[in-house]
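By convention in this document, chain letters (A, B, ...) are assigned in the order of the sequence lines, proteins followed by strands, and residues within each chain are numbered from 1. What you see below is based on every heavy atom in this structure, not just the backbone, and it leaves out hydrogens, waters and symmetry mates.
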2 protein chains.
Amino acid sequence: MEERQARTAFAALSQETRLRIVRLLVQAGPDGMAAGAIAEAVAVSPSNVSFHLKDLEHAGMIVPRREARSIIYSADFTGLRDLIAFLMKDCCAGHPEICAPALADVQCRPSTAKKARA
Amino acid sequence: MEERQARTAFAALSQETRLRIVRLLVQAGPDGMAAGAIAEAVAVSPSNVSFHLKDLEHAGMIVPRREARSIIYSADFTGLRDLIAFLMKDCCAGHPEICAPALADVQCRPSTAKKARA
DNA sequence: CCTACAATTCAATAATCATTGAAATTAGGA
DNA sequence: TCCTAATTTCAATGATTATTGAATTGTAGG
């Protein structure tokens, strides 16, 4: 992942509503959620949620698909993974011994996650 | 790591100069670099670099220490690790199978990193 | 102490981003 | 086809954030 794209992703995740949306969609899983349902869940206006969804899509954090009258958004797990990879490369670059041990502890496990209606 | 703190960290990393500083300091390792040297390396004014260093410090991405007349900044590897952990929890929450395989590939290895004068 | 150096703080300006409500688009059902 | 629902687009406003240069603080050496 290029630095510029990583910055776009970081910017996307730095905004409260957008981060809530991403977490919501990660919980929702591959099924995703319609824009309207997302708006209701995070309690913002349709036009505002649309604005943020566009931004997240542009940042490669979510992906849309049309389904009847609705547009369903779901988390872009590939994009999220790439961002983590970028961060790990930078964090551990030349110093794997510094974060490797502690990271092993967190390795891709459900931990605190509670499944949404997946 | 709390969501609020994670957002602060994402915001810090979303800015070009700041991301460059973090990468620079990760490469520099625990020895760190003086504020002036950082300013020169990333080619911004002293006052501007100071502004960004404060922001990164507040975000838990770097840590300062005084040494004679200089203030030496170094990467906060714990903070970086915590941020990665936050992202991984959210990314994989309830769906470890989705990113675990691809992530294993990136696991804390030097990869493209070229050592700075550590 | 007096001078110079390293870095930060401050105030002002410019630039970017978020929010709002109204108008426009697109797809389906009657 | 006509009407309605789901979203997006647009323009305007308000709020944050970045940049600049000058003034300030703190540290060391002569």
Next item on the list: Would you mind checking if B/R23 and A/E3 are paired as a salt bridge, meaning a charged N to carboxylate O distance below 4.0 Å?
Entry: yes
Next item on the list: State which residues pass side chain to side chain contact (heavy atoms under 4.5 Å, CB included) with A/A35; sequence neighbours excluded, sorted by chain then number.
Entry: A/L53, A/Y73
Item checked: Selected nucleotide, minimal atom distance to B/S47 side chain, candidates D/dT19, C/dA7, C/dT9 -> C/dT9
Next item on the list: Name the residue closer to the 5' end of DNA chain D, choosing between A/A37 and B/Q15 according to the nucleotide with the nearest heavy atom.
Entry: A/A37
Check: How do A/T17 and B/R69 order along DNA chain C: which one's closest nucleotide is nearer the 5' end?
Finding: B/R69
Next item on the list: Consider the side chain of B/H52, meaning its heavy atoms from C-beta on, and name the nucleotide among C/dT8, D/dA18, D/dT8 that approaches it most closely.
Entry: D/dA18
Check: Is it true that a side-chain atom of A/R18 and a backbone atom of A/H52 form a donor plus acceptor pair closer than 3.5 Å?
Finding: no
Note to self: Using a heavy-atom cut-off of 4.0 Å across all strands, would you classify B/S50 as base, sugar-phosphate, or nothing?
What the structure shows: base
Check: If only side-chain N and O atoms of A/K54 are considered, is one of them under 4.0 Å from the OP1 or OP2 phosphate oxygen of D/dT9?
Finding: yes
Notebook entry, point to check: Is a side-chain donor or acceptor of A/S50 paired with a backbone partner of A/S47 at a separation under 3.5 angstrom?
Noted result: no
Notebook entry, point to check: Thinking salt bridges, do B/R4 and A/E16 make one under a 4.0 Å N-O criterion?
Noted result: no
Item checked: Nearest-angstrom distance from the residue atom CD1 of A/I21 to P of C/dA18 -> 11 Å
Checklist line | Pairwise 5' ranking along DNA chain C for A/S14 and A/A68, keeping only the more 5' one | finding: A/S14
Check: For the side chain of B/R66, counting heavy atoms from C-beta on, which of C/dA18, D/dA6, D/dG26 is nearest?
Finding: D/dG26
Margin query: In this structure, which stretches of DNA chain C are paired as stems of three or more consecutive Watson-Crick or G-U pairs, both distances less than 3.5 Å?
Written below: C:1-30 with D:1-30
Notebook entry, point to check: Side chains of A/D76 and A/M61: does their closest heavy-atom pair fall under 4.5 Å?
Noted result: no
Next item on the list: May I ask you to say what B/A34 touches in the nucleic acid, namely base, sugar-phosphate or nothing, with a heavy-atom cut-off under 4.0 Å?
Entry: sugar-phosphate
Next item on the list: Among the candidates D/dA18, D/dT8, C/dT19, find the nucleotide nearest to the side-chain atoms of A/F51.
Entry: C/dT19
Checklist line | Worked verdict on B/R65 versus B/E67 for salt bridge (Lys or Arg N to Asp or Glu O under 4.0 Å) | finding: CA-CA 6 Å; B/R65 67 176 191 275; B/E67 206 160 284; 3.2 Å; yes
Note to self: Just the rounded figure in Å: distance from P of D/dT27 to CD1 of B/I72.
What the structure shows: 14 Å
